[in-house]
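Structure, as structure tokens:
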There are 2 protein chains.
Amino acid sequence: MKSNDLKEVALNQFALHGYQGASLSSIANEVGIKKQSIYAHFKSKEDLFISTYNDSLVNELYFIKQYMLENSSSSLKEVLYTFLNEYLGRYEKSHNMNFFMRTSFFPPVQFEQQIKKGTNEFVDELESLYFSLFEDKKDDLKPGINPEFAALSFLTILDGLLVELLYGFPERLQKRLTSSWEVYWQGVTK
Amino acid sequence: MKSNDLKEVALNQFALHGYQGASLSSIANEVGIKKQSIYAHFKSKEDLFISTYNDSLVNELYFIKQYMLENSSSSLKEVLYTFLNEYLGRYEKSHNMNFFMRTSFFPPVQFEQQIKKGTNEFVDELESLYFSLFEDKKDDLKPGINPEFAALSFLTILDGLLVELLYGFPERLQKRLTSSWEVYWQGVTK
DNA sequence: GTCTATAGAATGATAGAC
DNA sequence: GTCTATCATTCTATAGAC
């Protein structure tokens with residue numbers, strides 16, 4: 001299926017150069033066809049972009065849900081800390097995270113509504129996944145800390161580490177991961 | 001000085017549409033001149049962009065240093081919590097933060113080196129400012145938490161909240177601020 | 001320092017042959 | 001589904017008059 005090749009290449013190009021910075025000719029080039037042939041698969045650049053975005057959203061959610069399923073038997077500490085490492089490690093392996101972040105953080109104006117809706121669904125899903133994780137183990141939490149606090153502050157740290165990932169200084173990211181985790185775990189557990 | 005008008009408008013346009021998405025004609029239009037007149041002030045679009053970026057970097061650092069100076073007599077808790085609120089509140093008041101984040105997170109490829117250098121200097125400065133803040137008050141910290149841990153995990157939370165700022169859901173941002181702060185403070189102090 | 005005129009390249013998109 | 005040919009538009013940038 002050529003549309004999948006196109007979407008894969010488009011994801012990379014959009015991740016590297018943004019929506020406006022990536023041209024159909026460079027995408028077509030990388031796939032090995034002429035740019036006009038793209039229109040046999042997608043009716044416009046906007047159509048290609050939004051298809052790519054929808055895929056990337058499904059992809060992000062799939063990874064996270066899959067991780068939760070596969071590690072449901074581990075301890076709370078293990079689930080959380082390993083997740084941070086695995087999710088951050090995922091960044092190097094594909095452009096999906098980079099594209100998804102770029103698009104969610106700075107959506108091209110003409111897609112703003114649509115993408116904001118996607119972001120909202122994504123974050124909602126994420127929050128409720130983590131909320132129920134902490135709800136199951138709420139006996140481990142400090143008296144003043146309820147499951148919602150524990151979940152939301154964990155996700156805030158995750159977002160903060162993603163920013164460090166974008167900056168691209170691995171040593172600094174590592175230090176931030178270590179310190180944030182230490183402070184978080186001390187703040188959350190008895 | 002017209003160059004300042006140009007840089008101000010350019011900042012807004014680059015913040016809204018990115019480097020490639022903002023055109024010289026739309027910038028000139030908003031300033032009230034023809035696009036060709038821009039070349040009397042800047043030798044290229046790249047020149048205008050990098051000038052704008054340098055200004056934005058100075059601006060971000062200035063705000064943070066100024067805040068630190070003005071609040072050096074407050075308690076640690078007060079300094080930190082008020083900073084979170086003031087810095088986040090700043091987002092609505094100018095496009096400087098948005099532009100600076102967009103550019104630092106996703107620099108146009110041709111400026112990558114230059115911007116990475118700027119980002120590095122900015123974060124270094126920020127970290128050492130906060131490091132010495134905690135160094136001064138390290139008696140308030142938990143035994144296992146040193147000033148570096150306290151500083152880096154605070155800055156990670158700040159970055160995480162900036163992401164939420166970009167998403168643009170104020171109620172969610174507020175919840176994250178409350179929970180993150182609560183967990184952080186419990187994790188860091190005796 | 002601003003303007004008009006213009007160059008030259010690239011962009012997204014359509015029509016129609018094969 | 002891919003190609004060639006082509007269009008209209010936009011883009012950055014330069015030259016030169018005022």
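As the structure is a prediction and not an experimental result, all values here were calculated from the model. Throughout, protein chains are lettered first and strands after them, A, B, ... in sequence-line order, and every chain is numbered starting at 1. Every heavy atom of this structure was used, including side-chain atoms; hydrogens, water molecules and symmetry mates were not.
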Could you tell me whether B/Glu127 and A/Arg176 have a side-chain N and a carboxylate O separated by less than 4.0 Å?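 Here B/Glu127 pairs with A/Arg176 in a salt bridge, since their nearest N and O are under 4.0 Å apart.
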
Basic-acidic side-chain contact under 4.0 Å: B/Lys175, B/Glu164: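 A salt bridge is absent here (no side-chain N lies under 4.0 Å from a carboxylate O).
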
I need the [atom1]-[atom2] distance between [X] and [N], as an integer number of Å.
X	N	atom1	atom2	answer
A/Lys43	C/dA13	NZ	P	9 Å
A/Glu46	C/dA13	CD	C1'	12 Å
B/Phe49	D/dA13	CZ	P	14 Å
B/Ile38	D/dA13	CD1	P	10 Å
A/Lys45	C/dA10	NZ	P	15 Å
B/Tyr39	C/dC3	OH	C1'	15 Å
A/Gln36	C/dT11	CD	C1'	12 Å

Using modelled atom types only, decide if a donor and an acceptor are shared between the side chain of B/Tyr91 and the backbone of B/Met97 within a distance under 3.5 Å.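 Judged by distance alone, no pair lies under 3.5 Å.
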
Do the ring planes of A/Tyr184 and A/Phe134 sit parallel (below 30°), tilted (30 to 60°) or perpendicular (above 60°)?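 Correct class here is perpendicular.
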
Would you call the rings of A/Phe63 and A/Phe83 parallel, tilted or perpendicular, taking 30° and 60° as the class edges?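 Aromatic pair A/Phe63/A/Phe83 classed tilted.
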
With a 4.0 Å heavy-atom cut-off, tell me which residues in residues 9-35 of chain A come close to DNA chain C, sorted by residue number.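 Output list: A/Ala22, A/Ser23, A/Leu24, A/Ser25, A/Lys35.
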
Which one, D/dA13, C/dA13, C/dT2, comes nearest to the side chain of B/Ala40?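 Side chain of B/Ala40 sits closest to C/dT2.
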
Check every atom of C/dT2, D/dT2, C/dA13 against the side chain of A/His41 and return the nucleotide holding the closest atom.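 It is D/dT2.
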
Are B/Lys2 and C/dT2 close enough that a side-chain N or O sits under 4.0 Å from OP1 or OP2?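 Yes, within the criterion.
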
Please check the phosphate of D/dG1 (OP1 and OP2 only) for any side-chain N or O of A/Ser37 closer than 4.0 Å.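 Checking D/dG1 against A/Ser37, no side-chain N or O comes under 4.0 Å of OP1 or OP2.
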
State, to 0.1 Å, how close A/Asp159 and B/Gly160 come at their nearest heavy-atom pair, and which atoms those are.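 In terms of heavy atoms, the two residues are closest at CB-CA, 3.7 Å.
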
Does the ring of B/Tyr167 carry B/Arg172 above it, NZ/CZ under 6.0 angstrom from centre and within 45° of its axis?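 The answer is no, since B/Arg172 fails at least one limit relative to B/Tyr167.
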
